[in-house]
Amino acid sequence: MQDALARNPKPASFARIRGQRVAVISDALAERNGVGSYYRDLAVQLSGRGLQTEVLCPDGHTGRSLPMPCDPTQRLWLPPARELTAKLERLQPQVIVLPTPGPFGLYGLWAAKRLGARIIVGFHTHFEALASHYCRAPLDRAVRLGWRLFNTRVFRQAAGVVTTSRPMVAAAQALGAPHVHRLGTLLGPEFLATHTPNRDQLRSVLFAGRLAAEKNLEAVVQAARELPGVAFHIVGDGPQRDFILGQAAQLPNLHYHGWCSRSELLTHMDASDLLVLPSHVESFGTVVLEAMARARTTLISPHCGIAEWPALAADLAIMRPQESLADAISRLSRLDPRMRSRMAQAARRAALAMNEVAVGDWVNIIGGADDMQGADDSCAELTPAHERAMP
């Protein structure tokens, strides 16, 4: 495979589509979760390269909503069709990106047909795979069927489907997607800025993400119980919120901060020595890339999609088979601080490189470049500055 950095678009590639108009129509609230943050960051970076980009999504306060099937802690917001149609009439997008299979996604599918815009689908969450974590039989089968019917319909009408892991590529192809692209993840401008240096000792651990079964929060709580000398901080919200509140009341070294804004997350991240993501299921793990960009040491389970990217995995700590989170943290704490610092700095460089390549690949997809047709591994072959096994 051709090295992704070698085929990162030249300035002329950006010039070719400068002025193109792109609308992202998403059910995800801006910055509320990984998908919302991803497309907010995409819009910022595309706009900075001369594309007119607008994100249309619920604000979480106005309009009507319904509970998410099997997960009442989340809402499906109904699109204000008249308001959205007026915005699209003004923008006249040539490309419409649909990142979510909800009411806004359905509206976006209709709007794209009406405006004659090319459709690009973002396939970031395999809802069918998660149904068993949230729904009991036989409701789980009905929910899976609903997601499958939507995805099958929209994939077959899309000019391209974008995702971040090989299993998601296979799932999209099985649902009839003709052109699937495996791209890297983008970063917000705040995460690209100057970062704070690492401390010599590993004293503060951060988990940031949705408080849900697939995140394996039990492992975080157990690690806090086994490592009383380490402070554990949890940022996020979700159906396991009461569980975390109860455990935080019992463990003096476990601190729950609730849902945080992007700027608050950045503050927590910079104050931490280690970010952990011990998920059972994780398509990518955007928060891990963000931590890498801030030069934080990161520890993940092998089920996180980010581990599939060789240039990133080279500077990630990955839990070993049958290894508990507490044991993995203890293993990292015994490393020479200078080694941890070198790992963190190399991780930052790899994260920034992925960001640049991902933006370039998005530009190619939006522009309909011939070399982006078909299944693509994007920056899977980014070559790290060094190749070594993680200790």
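From a predicted model like this one, the values you see are computed outputs, not experimental measurements.
No side-chain heavy atom of M354 sits under 4.5 Å from any side-chain heavy atom of R349. A heavy-atom distance below 4.5 Å is found between the side chains of L115 and P93. Between T53 and S47, some side-chain heavy-atom pair lies under the 4.5 Å cut-off. No side-chain heavy atom of V97 sits less than 4.5 Å from a side-chain heavy atom of I25. Two residues are said to be in side-chain contact when any heavy atoms from C-beta on lie closer than 4.5 Å; R166 and M168 fail this criterion. P99 is listed as a side-chain neighbour of V24, based on a closest heavy-atom distance under 4.5 Å. In this structure, the side chains of T163 and L183 stay at 4.5 Å or more apart for every pair of heavy atoms. Taking the side chain as every heavy atom from C-beta outward, L98 and F104 never approach each other to under 4.5 Å.
Cluster annotation: L299 and I318 are assigned to the same hydrophobic cluster (Ile/Leu/Val/Met/Phe/Trp/Tyr, side-chain heavy-atom contacts under 4.5 Å, transitive). Following chains of ILVMFWY side-chain contacts shorter than 4.5 Å, one cannot reach L84 starting from L78, and the two form parts of different hydrophobic clusters. No continuous path of hydrophobic side-chain contacts links V44 to V35 [ILVMFWY only; heavy atoms under 4.5 Å]. Linking Ile, Leu, Val, Met, Phe, Trp and Tyr whenever their side-chain heavy atoms come within less than 4.5 Å leaves Y107 and L66 in two separate clusters. Residues L227 and L335 are members of one and the same hydrophobic cluster, defined by side-chain heavy-atom contacts under 4.5 angstrom among Ile, Leu, Val, Met, Phe, Trp and Tyr.
Within a 6.0 Å radius of CZ in R64, no more than 12 heavy atoms belonging to other residues, nucleotides or ligands are found.
Contact record, L277 with C304: O-SG, 3.5 Å, taken as the closest heavy-atom pair. Looking at every heavy atom in both residues, P278 comes nearest to F207 through CD-CD1, 4.2 Å. A pairwise comparison of heavy atoms in H61 and D59 identifies N-OD1, 2.8 Å as the closest pair. Residues F123 and A171 share a closest heavy-atom pair of CE2-CB, 3.9 Å. Summarising the geometry of D41 relative to P189, their closest heavy-atom pair is OD1-CD, 4.5 Å, with the distance given to 0.1 Å. Pairing each heavy atom of M292 with each of I306, the nearest pair is SD-CD1, 4.1 Å.
A donor and an acceptor atom, one from each side chain of D315 and Q345, are nowhere located under 3.5 Å apart. With no hydrogens or angles considered, a side-chain donor-acceptor pair links S261 and E264 at under 3.5 Å. Between the side chains of E218 and Q222, not a single donor N or O lies within less than 3.5 Å of an accepting N or O. R225 and Q247 are linked by a side-chain donor-acceptor pair at a separation below 3.5 angstrom, with hydrogens and angles left out of the test. Judged by distance alone, the side chains of D327 and S330 never bring a donor and an acceptor atom under 3.5 Å apart.
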Practice problem: Could you walk me through whether L251 and F232 pass side chain to side chain contact (heavy atoms under 4.5 Å, CB included), step by step? | Solution: CA-CA 10 Å; L251 297 170; F232 286 77; over 6 Å; no

Self-check item: Test log, rule side chain to side chain contact (heavy atoms under 4.5 Å, CB included), inputs H255 and H233
Solution: CA-CA 5 Å; H255 311 281; H233 299 269; 3.6 Å; yes

Quiz prompt | Intermediate values then yes/no, salt bridge (Lys or Arg N to Asp or Glu O under 4.0 Å), R40 and E190 | solution = CA-CA 12 Å; R40 174 261 195 187; E190 57 271 73; 3.1 Å; yes

Quiz item: Would N355 and L192 satisfy side chain to side chain contact (heavy atoms under 4.5 Å, CB included), going step by step from the backbone distance to the final call?
Solution: CA-CA 9 Å; N355 176 76; L192 301 172; 4.3 Å; yes

Quiz prompt | Verdict with reasoning, R75 to D27, per salt bridge (Lys or Arg N to Asp or Glu O under 4.0 Å) | solution = CA-CA 9 Å; R75 309 291 296 179; D27 292 271; over 6 Å; no

Self-check item: Stepwise side chain to side chain contact (heavy atoms under 4.5 Å, CB included) test for L109 and R153
Solution: CA-CA 10 Å; L109 184 62; R153 180 180 178 187; 3.9 Å; yes

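Between H124 and Y39, the two ring planes are perpendicular [angle over 60°; tilted spans 30° to 60°]. Between H268 and H257, the angle of the ring planes lies from 30° to 60°, which puts this pair in the tilted group.
Ion pairing of R21 with E89 is absent here, as no side-chain N (NZ or NE/NH1/NH2) approaches a carboxylate O to less than 4.0 Å. No salt bridge links R296 with D273; every basic N to acidic carboxylate O contact stays at or beyond 4.0 Å. Of the charged side-chain nitrogens involved, at least one lies within less than 4.0 Å of a carboxylate oxygen, so that K87 and E83 count as a salt-bridged pair. Between R182 and E308 there is a salt bridge, since a side-chain N of the basic residue sits under 4.0 Å from a carboxylate O of the acidic one.
With rounding to the nearest 0.5 angstrom, the CD atom of Q20 is 10.5 Å from the CG atom of L46. Separation of atoms OG (S272) and CE (M269) is listed at 7.0 Å; rounding is to 0.5 Å. Considering CZ of R49 and CH2 of W362, their distance stands at 14.0 Å, rounded to 0.5 Å. Once rounded to the nearest 0.5 Å, the distance linking OG of S301 with CE of M319 reads 6.5 Å. Once rounded to the nearest 0.5 Å, the distance linking CZ of R340 with CZ of R338 reads 12.0 Å. Atom CZ of R348 sits about 5.0 Å away from atom CG of L352, to the nearest 0.5 Å.
Shown are L316, L289, V287; of these, the side chain to side chain contact (heavy atoms under 4.5 Å, CB included) with T298 is made only by L316.
No donor-acceptor pair closer than 3.5 Å links the side chain of Q201 to the backbone N or O of P337.
The ring-ring contact (aromatic ring centres under 6.0 Å, His included) search around Y256 returns none, not counting sequence neighbours.
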